[in-house]
Number of protein chains: 2
Amino acid sequence: MSQHRHPGAPGRAGAVPALPDLPEATVARLPEYLRALHNLAETGHETVPSEGLASAAGVNSAKLRKDLSHLGSYGTRGVGYDVALLIDQIEYVLGLTQRRAVALVGVGNLGHALAGYDGFASRGFRIAALLDADPARVGEEINGLVVRHIDELPRIAVEESIAIGVIATPAQAAQRVADQLVAVGVTSILNFAPCVLSVPEGVDVRKVDLAIELQILSFHEHRKASLTALPATGGSALTALPGGFGATDTQEAIGT
Amino acid sequence: MSQHRHPGAPGRAGAVPALPDLPEATVARLPEYLRALHNLAETGHETVPSEGLASAAGVNSAKLRKDLSHLGSYGTRGVGYDVALLIDQIEYVLGLTQRRAVALVGVGNLGHALAGYDGFASRGFRIAALLDADPARVGEEINGLVVRHIDELPRIAVEESIAIGVIATPAQAAQRVADQLVAVGVTSILNFAPCVLSVPEGVDVRKVDLAIELQILSFHEHRKASLTALPATGGSALTALPGGFGATDTQEAIGT
DNA sequence: AGGCGCTTGTGAAGACGTGCACAAATCGCG
DNA sequence: CGCGATTTGTGCACGTCTTCACAAGCGCCT
Ligand SMILES: NC(=O)c1ccc[n+]([C@@H]2O[C@H](COP(=O)([O-])OP(=O)(O)OC[C@H]3O[C@@H](n4cnc5c(N)ncnc54)[C@H](O)[C@@H]3O)[C@@H](O)[C@H]2O)c1
Ligand SMILES: NC(=O)c1ccc[n+]([C@@H]2O[C@H](COP(=O)([O-])OP(=O)(O)OC[C@H]3O[C@@H](n4cnc5c(N)ncnc54)[C@H](O)[C@@H]3O)[C@@H](O)[C@H]2O)c1
């Protein structure tokens with residue numbers, strides 16, 4: 001499969017040519033470390049011990065150190081990690097030294113919110129195109145970008161060097177959109193539609209599904225409720241009522 | 001090894017008081033199975049083999065069978081799983097037999113999209129309250145619900161039996177909102193703000209962070225690109241990086 | 001009834017991820 | 001200049017998750 005992807009890619013300088021083979025679990029945590037590090041940098045910290053960074057990122061400090069050790073990062077014993085240096089390291093590993101262009105397909109309810117989100121820009125990405133199939137939406141301007149028709153994708157993909165596609169269409173259209181993205185050389189897709197996408201090998205898909213998150217929470221609610229219910233008498237868990245745990249509620253103000 | 005629960009009579013009144021202790025990884029996949037099963041039911045399937053359900057859910061069939069075996073589900077050898085029965089089973093385990101009430105806090109850009117999302121209702125939840133701190137937003141009606149002030153949370157939480165809180169405020173306000181939710185007895189939180197929340201034990205928090213997803217994709221893009229590129233190419237890209245990073249001592253970590 | 005093909009449920013093995021605990025490295029200070 | 005306080009990096013043991021492979025169970029067809 002041809003993946004002619006050659007974004008103005010400046011080859012890395014002679015140093016650090018090969019990317020370490022990071023465990024997937026580590027990769028998933030690096031962005032969290034990065035966010036925490038940016039916070040620390042803004043509050044004037046020049047170095048941070050693993051313990052501090054770990055708690056800012058919500059993980060265990062041993063895990064953090066192991067993660068960082070995987071990317072060959074150098075902390076200083078007795079001191080900690082250099083915040084600015086570590087930011088550079090992680091951004092490099094994550095490939096954020098180039099600002100990747102994102103195409104957002106499906107500018108409906110959710111798409112509008114995403115298009116207006118500044119977290120894209122501030123964290124290494126650039127929304128390069130808004131695309132929709134509905135002629136009524138084409139031409140609308142959002143946040144300085146004009147919505148264009150999905151059929152223009154091939155041209156836009158080349159012009160803008162689209163690296164990542166975001167799908168925010170109804171589930172029924174998602175597979176077709178994915179196919180179109182793949183056809184123009186996109187090898188990374190973030191899918192908000194509640195469906196499984198099938199893509200050729202070499203294409204990465206990540207999925208965000210709000211309802212799944214809620215259902216996982218629901219499971220734990222259910223389990224928590226069934227634990228507080230009478231274990232021996234076999235009271236029906238189906239009728240778990242809010243009053244069940246109401247006794248543990250509290251004062252309205254919490255120490256700020 | 002034969003400690004199985006009662007064969008699932010459809011009306012599971014009084015039976016099955018205790019929830020099996022499911023592996024977390026399994027719990028995270030059940031919602032996906034459930035969605036696939038609903039699709040199958042709508043297309044007229046009465047039974048489905050593990051292979052079919054697995055591919056509809058995007059997983060390996062052995063994994064699917066093991067997952068289902070954990071919840072004591074009964075398939076029929078030589079046939080497969082009864083779609084309707086399995087839907088009931090999974091919905092029961094996930095605690096979806098009661099429609100949980102969700103409070104959405106922060107009705108801004110993203111909050112509007114969520115409030116208008118029908119995937120809540122169709123998958124077991126009910127948006128019971130929209131809350132915001134901005135007086136200008138209070139009173140606005142979205143999808144039949146009126147935005148109310150966050151200070152009304154304590155009263156509303158009781159009235160509506162809020163089970164789950166969704167935070168869609170700026171990161172800076174998220175911890176405070178979480179505290180308020182916890183104070184009124186909410187023990188499950190879905191957080192869209194890019195920050196770590198600290199909550200008392202017994203409260204579950206799940207986080208959705210769009211930028212993190214993109215950064216993970218970016219990493220894989222980067223890795224894919226570095227594999228196809230020549231390792232020796234010159235050209236400076238590390239413009240913003242301090243010299244110490246690439247040039248000096250990082251070398252030894254390279255596995256040639 | 002009996003055999004045959006299909007599919008589930010699961011034991012076992014291996015891959016992967018986590019967390020402890022401690023030696024090695026570094027800094028600041030007397 | 002050496003010492004103690006501090007913090008990193010990692011070996012190791014343990015737990016969780018995935019995957020393979022196959023016996024056991026089921027229905028259908030002859
Ligand atoms: N709204 C939310 O908060 C939310 C939350 C989670 C998930 N989702 C999911 O995100 C997706 C979008 O949700 P929404 O509420 O924005 O829906 P929507 O109907 O408001 O918007 C969908 C948009 O996609 C466009 N579209 C349809 N087919 C297309 C195609 N082939 N090519 C390009 N564009 C096409 C439509 O014209 C429309 O503008 C859905 O799959 C939904 O389940 C939404
Ligand atoms: N917009 C997106 O697509 C998107 C995507 C991913 C993540 N996020 C995150 O979701 C959050 C919301 O994003 P947004 O774009 O909707 O921001 P927004 O500024 O448009 O909306 C935030 C809303 O929260 C309200 N708010 C502020 N403090 C509050 C408080 N203490 N109690 C109750 N309400 C309060 C504000 O009045 C406002 O209405 C942010 O943390 C953002 O980083 C947004």
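This structure is a prediction, so every number in the text was calculated from the model and none was measured. Atoms considered below: every heavy atom in the structure, side chains included; atoms not considered: hydrogens, waters and symmetry mates. Below, chain A is the first sequence line, B the second, and so on; all start at residue 1.
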K.L.:
Locate the shortest heavy-atom distance separating Asp179(A) from Ser198(A); write the atom from each residue and the value.
P.N.:
OD1-O, 4.2 Å
K.L.:
Return the value, rounded to whole Å, for the distance between atom CG of Leu71(B) and atom C1' of dT8(C).
P.N.:
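It works out to 14 Å between those atoms.
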K.L.:
Taking the side chain of Tyr81(A) as its heavy atoms from C-beta onward, which of dG11(C), dT8(D), dG9(C) lies nearest to it?
P.N.:
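The nucleotide sitting nearest to the side chain is dT8(D).
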K.L.:
Output the rounded distance in Å from CZ (Arg65(A)) to P (dA21(C)).
P.N.:
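The answer, rounded to whole Å, is 13 Å.
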K.L.:
Please give, in whole Å, the distance from dG11(C) C1' to Lys66(B) NZ?
P.N.:
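One finds 7 Å between C1' of dG11(C) and NZ of Lys66(B), rounded.
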K.L.:
Could you give the CG-to-P distance, from Leu68(A) to dT8(D), as a whole number of Å?
P.N.:
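After rounding, the gap between these two atoms is 9 Å.
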K.L.:
Taking only N/O atoms, report every protein-nucleotides 25-27 of chain D pair under 3.5 Å with atom names and distance.
P.N.:
unit_1	atom_1	unit_2	atom_2	d
dG25(D)	N2	Gly78(B)	N	3.4
dC26(D)	O4'	Arg77(B)	O	3.3

K.L.:
Take Arg65(A) and Glu51(A), measure what salt bridge (charged side-chain N to carboxylate O under 4.0 Å, His left out) needs, and give me the verdict at the end.
P.N.:
CA-CA 9 Å; Arg65(A) 288 199 300 277; Glu51(A) 192 67 55; 5.6 Å; no
K.L.:
Can you tell me how far C1' of dT19(D) sits from CG of Leu64(B), to the nearest Å?
P.N.:
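Answer to the nearest Å: 14 Å.
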K.L.:
For Asp209(A) and Arg123(B), what are the C-alpha separation, side-chain angles and deciding distance, and is it a salt bridge (charged side-chain N to carboxylate O under 4.0 Å, His left out)?
P.N.:
CA-CA 11 Å; Asp209(A) 189 328; Arg123(B) 287 165 82 186; 3.2 Å; yes
K.L.:
Quick one: CD on Glu46(A) to CG on Asp82(A), what's the gap to the nearest 0.5 Å?
P.N.:
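Glu46(A) atom CD to Asp82(A) atom CG measures 7.5 Å (nearest 0.5 Å).
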K.L.:
Evaluate Leu64(B) against Leu53(B) for side-chain contact (heavy atoms from CB on, under 4.5 Å), listing each step before the verdict.
P.N.:
CA-CA 8 Å; Leu64(B) 175 112; Leu53(B) 181 52; 3.7 Å; yes
K.L.:
Please round to the nearest 0.5 Å and tell me the distance separating atom SG of Cys195(A) and atom CD of Gln175(A).
P.N.:
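That separation rounds to 7.0 Å.
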K.L.:
Salt-bridged, Arg29(A) to Glu24(A), with N to O below 4.0 Å?
P.N.:
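Salt bridge: no.
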K.L.:
Would Thr26(A) and Asp67(A) count as having a side-chain donor-acceptor pair, cut-off 3.5 Å?
P.N.:
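Their side chains do contain a donor-acceptor pair, which is all the 3.5 Å distance test asks for.
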K.L.:
Please give me every residue in residues 45-63 of chain A whose heavy atoms get under 4.0 Å of an atom in DNA chain C, ordered by residue number.
P.N.:
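By residue number: Asn60(A), Ala62(A), Lys63(A).
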K.L.:
Nearest 0.5 angstrom please: Gln215(B) CD to Leu210(B) CG, how far?
P.N.:
9.5 Å
K.L.:
Which nucleotide, dA12(C), dC17(D), dG17(C), lies nearest any side-chain atom of Pro23(A)?
P.N.:
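That would be dG17(C).
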K.L.:
Taking the side chain of Arg29(A) as heavy atoms from C-beta outward, which of dT18(C), dT10(D), dA12(C) is closest to it?
P.N.:
dT18(C)
K.L.:
Can you tell me how far P of dT10(D) sits from NE2 of His70(A), to the nearest Å?
P.N.:
9 Å
K.L.:
Round to the nearest Å and state the distance from Asp67(B) atom CG to dT10(C) atom P.
P.N.:
13 Å
K.L.:
Can you tell me the distance, in whole Å, between the CG atom of Leu22(A) and the C1' atom of dC16(C)?
P.N.:
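Result: 15 Å.
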